[in-house]
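Structure, as structure tokens:
Here the structure is a predicted model, which is why all the values come from computation and not from measurement.
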Amino acid sequence: MNMLQQVRRTNWFATGFKCLMAGAIVLFLSVSSVALFPSISKAQRMVVPQEIQPLFTQENLRFITQAQDRQPTLYFEDAEHNKGRYRQSHYTQNRPTVIYEGPNTHRVFIRGRDRDRYEQDLVLLHNDIANDRLATEPFNGATVFEFLGQWDVEEESYQIMHGSGGTVVTQVNNIPVEIDFENANYLSWIDRLEN
């Protein structure tokens with residue numbers, strides 16, 4: 001094989017490998033919430049407890065995340081720092097999901113261009129969280145990362161965590177909060193942490 005054929009073969013292999021890797025990355029990003037965070041991807045069909053329902057009001061709506069081809073996810077926090085999310089659609093058999101995260105869940109906000117880097121290196125994300133290098137207030141265009149529990153050095157993850165698939169929108173005054181507690185799935189991070 002002459003030098004030109006060798007270069008062409010090498011370039012073909014490199015191009016094929018790059019395409020394969022790009023496809024894997026696209027697939028990873030499209031299911032990142034499910035792949036990275038399997039412990040919270042499935043909500044059970046349970047009754048939403050009445051004592052947490054007051055959290056999910058217009059007054060406590062802090063921001064939303066918006067992604068293509070689905071309704072926004074609404075993020076709530078009350079004066080006692082109880083947190084929760086209302087997923088209007090996705091991952092749950094087209095049924096909305098009320099997710100109660102409790103007062104000890106932390107939220108950090110990541111610039112969109114840094115999302116891929118943190119998804120690939122959770123240790124880097126943990127170090128930046130531990131050293132207060134990430135925003136704790138929402139800003140437009142950010143990705144929100146939520147976590148509860150201790151960092152597990154061996155597993156390189158928090159006990160429970162979630163990275164949003166959408167981007168943050170902070171103008172929420174005109175977003176209606178109409179939660180169908182009767183027909184929603186329910187998930188509690190507190191119950192998951194205790195089990």
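The only member of Ile52, Val47, Val48 that meets side-chain contact (heavy atoms from CB on, under 4.5 Å) when paired with Phe181 is Val48.
In this structure the side chain of Arg87 reaches within 4.5 angstrom of the side chain of Ile99, judged on heavy atoms. Taking 4.5 Å as the limit, every side-chain heavy atom of Glu80 sits out of range of all side-chain heavy atoms of Pro103. At a threshold of 4.5 Å between non-hydrogen side-chain atoms, the residues Val177 and Thr57 do not count as touching.
Considering every non-hydrogen atom in both Thr143 and Ser164, the closest pair reads CG2-OG, 3.4 Å. The heavy-atom pair separating Gly165 from Arg115 by the smallest distance is CA-NH1, 3.7 Å. Taking each heavy atom of Ile190 and Gly102 in turn, the nearest pair found is CD1-CA, 3.8 Å. Among all heavy-atom pairs drawn from Gly149 and Gln159, the shortest one is CA-OE1, 3.0 Å. In terms of heavy atoms, Val172 sits closest to Gln58 at O-NE2, 3.3 Å. In this structure, Val98 and Ala184 approach most closely via the heavy-atom pair CG2-CB, 4.0 Å.
Listed by chain and number, the residues in a side chain to side chain contact (heavy atoms under 4.5 Å, CB included) with Asn140 are Val169, Thr170, Gln171 (sequence neighbours excluded). With sequence neighbours left out, Asp180 forms a salt bridge (charged side-chain N to carboxylate O under 4.0 Å, His left out) with no residue at all. With sequence neighbours excluded, the residues forming a side chain to side chain donor-acceptor pair (under 3.5 Å) with Asn82 are Asp78, Tyr100, listed by chain and number. Listed by chain and number, the residues in a side chain to side chain donor-acceptor pair (under 3.5 Å) with Tyr75 amount to none (sequence neighbours excluded). Evaluation of the ring pair (Phe, Tyr, Trp, His ring centres under 6.0 Å) rule for Phe56 yields Phe76 as partners, not counting sequence neighbours. Partners of His106 according to the side chain to side chain donor-acceptor pair (under 3.5 Å) rule, which considers only residues two or more places apart in sequence or in another chain, do not exist here.
Using cut-offs of 30° and 60° for the angle between ring planes, the Trp151 and His126 rings count as parallel.
Comment: Glu146 does not engage Lys83 in a salt bridge, judged by the lack of any side-chain N to carboxylate O separation of less than 4.0 angstrom.
Placement of Ile179 and Ile175 within a single hydrophobic cluster is found when ILVMFWY residues are connected by side-chain heavy-atom separations under 4.5 Å, directly or transitively. No single ILVMFWY cluster, assembled from side-chain heavy atoms under 4.5 Å apart, contains both Phe145 and Phe63. Hydrophobic clustering (side-chain heavy atoms under 4.5 Å, transitive across Ile, Leu, Val, Met, Phe, Trp, Tyr) keeps Val144 apart from Tyr118. At a threshold of 4.5 Å between side-chain heavy atoms, the hydrophobic network of Ile, Leu, Val, Met, Phe, Trp and Tyr places Tyr158 and Val123 in one connected group. When hydrophobic clusters are built by joining Ile, Leu, Val, Met, Phe, Trp and Tyr residues whose side-chain heavy atoms come closer than 4.5 Å, directly or via intermediates, Ile160 is grouped together with Tyr186.
Note that the CD atom of Glu155 and the CD atom of Gln150 stand 14.5 Å from one another [nearest 0.5 Å]. The distance from atom CG of Leu122 to atom CG of Asp152, rounded to the nearest 0.5 Å, is 12.0 Å. If you take CG on Leu125 and CD on Gln120, they are separated by 12.5 Å, rounding to the nearest 0.5 Å. Distance check, rounded to the nearest 0.5 Å: CG of Asn127 to CG of Leu134 gives 10.5 Å. The line from CG of Leu61 to CD of Glu77 is 11.5 Å long, rounded to the nearest 0.5 Å. Separating the CG atom in Leu74 from the CZ atom in Arg85 is a distance of 11.5 Å, to the nearest 0.5 Å.
The closest donor-acceptor contact from the side chain of Glu101 to the backbone of Trp189 lies at 3.5 Å or more, if one exists at all.
With a 6.0 Å radius and a threshold of 12 heavy atoms from other residues, nucleotides or ligands, Glu51 has its CD atom above the threshold. Within a 6.0 Å radius of CD in Gln53, more than 12 heavy atoms belonging to other residues, nucleotides or ligands are found.
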